[in-house]
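Below: one structure, written as structure tokens.
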There are 2 protein chains.
Amino acid sequence: MGRNSDAKQRIIDSAAELFHSRSYANVGVQEICEKANVKKGSFYHFFPSKRDLTLAVIDHIWLYYNREGPVAKAFGKDVPPLKRIERFFLGSCEFQAQLQKEKGKVCGCHFGNLASEISSQDEVIRKKLDEIFSAQADVIENTLVEAVAVGDLREIDTKAAANAILAFMQGIILMAKTRNDARLMRKMAKAGIDMIYQSG
Amino acid sequence: MGRNSDAKQRIIDSAAELFHSRSYANVGVQEICEKANVKKGSFYHFFPSKRDLTLAVIDHIWLYYNREGPVAKAFGKDVPPLKRIERFFLGSCEFQAQLQKEKGKVCGCHFGNLASEISSQDEVIRKKLDEIFSAQADVIENTLVEAVAVGDLREIDTKAAANAILAFMQGIILMAKTRNDARLMRKMAKAGIDMIYQSG
DNA sequence: GTTGACTTTGACCAACCAGTCAACTATAGT
DNA sequence: ACTATAGTTGACTGGTTGGTCAAAGTCAAC
């Protein structure tokens, strides 16, 4: 029925990249359209508002994270549980370092950036990001539970620890972004990983 | 010479509060002026630009942090070094919980919020925040060095550990903000503190 | 009491913002 | 080939943005 196009996806991809390298408020609908090679009228044909676009962007990135991105890459069961968490950190360091090379600056976490900027203003977006962080924490917790079962980790409050590990991840990314130095992130990550092993 | 007023300080205070509870881009000069009970012309008499105001806001908050705020409160030498770090975390949890009560939402860290939003767009502000984080890490590192000297902590890379601890702090604040739950922050903080003691 | 530095005011600007809309076009299913 | 449906276009809106300015007002120092 009717014609079809990939304009919607182009808009999502463009917005994702622009939001990531700058911020939500500093990127206008106009600019997103230009990058996506789409007229503003088309934008509002696909999305009722900038907020709805943002929701779609978040969904899309989260899907990528799980299918082929950092989560998929790190948490494969081909290595022991704690090694997966280590891989999660190291992979993220790699990702930020890569972006620093390409764009000349550390861009931070897609989710963390949006969370910091918007979650105090838009409850719908906040909840979506809340869910994603919860899901991410669940993945980590399951890994910790496995580590306890295998005997690589003493019995701890895995839920709190998983949340703390995720927080640490967000923290080192934010610090790397502010210092504009991805190498520092690696050092902090290693210090954190050491601590996890230490408490094992 | 000429008349004097506290308008400049009123502007700084208003901006600090508005930026904290929303965001840099979402708060206009207009709104800041209204809150400060000042006309826009006066604003631009005191500050050449919104950015310069922001720089002044950051300076002012950082001064507060060190004179009577969280840094001053936590790092007094009346308790052993590791206890000071514990107090730093617990105090920050308290602060976020207080704000959640007052404003109905977890507002996050003054510096962390600005860092996440602006450091990828404005190099001057980024550098200022970079310096503040460095200074904060230095305070923590000195405390860790002291802990090692006293024998409360085994010999580690104190610089990396200090940065990691600061990152963890920023991370748990960001998570608390996104989940809009200051209690969760307390749980994560305790999990983190446990780990620090564990590695001691 | 006059001077001169400092503060206040309100009107003003161009640029940009998110969002609207009616007309137009291309196409997939019939 | 027809038609319903989906995609495209560009002109438009009302409101807001950061920032400017000339003029008026106020006070401390001399």
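Lettering of chains follows the sequences in order, A, B, ..., and the numbering in each one begins at 1. Bear in mind the structure is a predicted one, so any value in this text is a computation, not a measurement. Values below: all heavy atoms of this structure, side chains included; hydrogens, waters and symmetry mates excluded.
Taking only distance into account, the side chain of Lys40(B) meets the base of dG18(D) through a donor-acceptor pair shorter than 3.5 Å. With hydrogens and angles left out, the side chain of Lys50(B) and the base of dG19(D) share no donor-acceptor pair within 3.5 Å. No hydrogens or angles were tested; on distance alone, nothing pairs the side chain of Arg3(A) with the base of dT5(D) as donor and acceptor under 3.5 Å.
A sub-4.0 Å separation between OP1 or OP2 of dG7(D) and a side-chain N or O of His45(A) is present. The shortest distance between the side-chain N/O atoms of Lys39(B) and the OP1/OP2 oxygens of dG10(C) is below 4.0 Å. The phosphate of dG19(C) has OP1 or OP2 within less than 4.0 Å of a side-chain N or O from Tyr44(A).
Rounded to an integer number of Å, the gap from CG of Asp6(B) to C1' of dC27(D) is 15 Å. Summarising the geometry, the separation between CG on Leu53(A) and P on dG19(C) is reported as 10 Å, rounded to the nearest angstrom. Distance, Phe19(B) CZ to dG18(D) C1': 12 Å, rounded to whole Å. When rounded to the nearest whole Å, the span between CZ of Phe43(B) and C1' of dT9(C) equals 16 Å. Taking atom CG on Asn37(B) and atom C1' on dT8(C), their separation rounds to 12 Å, with Å as the unit. For the pair Leu18(A) CG and dC17(C) P, the computed distance is 12 Å after rounding to whole Å. What separates CD1 of Ile32(B) from C1' of dG19(D) is a distance of 13 Å, to the nearest Å. Computed from coordinates, the Arg22(A) CZ to dC17(C) C1' distance equals 14 Å when rounded to whole Å.
A perpendicular orientation is assigned to the rings of Phe111(B) and Phe133(B), their planes being inclined by more than 60° (bins at 30° and 60°). Aromatic ring orientation, Phe89(A) versus Phe168(A): tilted (interplanar angle from 30° to 60°).
In Lys187(A), the NZ atom is not crowded: 12 or fewer heavy atoms of neighbouring residues, nucleotides or ligands sit closer than 6.0 Å.
In this structure, the nucleotide among dT7(C), dT20(C), dT8(D) sitting nearest to the side chain of Ser5(A) is dT8(D). For Ser49(A), the listed nucleotide lying nearest its side chain is dG19(C); candidates were dT20(D), dT7(C), dG19(C).
Nearest-nucleotide assignment on DNA chain C puts the 5′-proximal partner with Gln30(A), out of Gly41(A) and Gln30(A).
The nucleotide dC30(D) finds its pairing partner in dG1(C), both defining distances of the Watson-Crick or G-U wobble pair being shorter than 3.5 Å.
Among the atoms of the strands shown, base atoms are found under 4.0 Å from some heavy atom of Ser42(B). Counting any heavy atom pair closer than 4.0 Å across all strands shown, Phe46(A) reaches sugar-phosphate atoms only and no base atom.
Defined by atom type and a distance below 3.5 Å, a donor-acceptor pair is present between the side-chain atoms of Asp13(B) and Gln9(B). The closest side-chain donor-acceptor pair between Arg179(A) and Ser134(B) falls under 3.5 angstrom.
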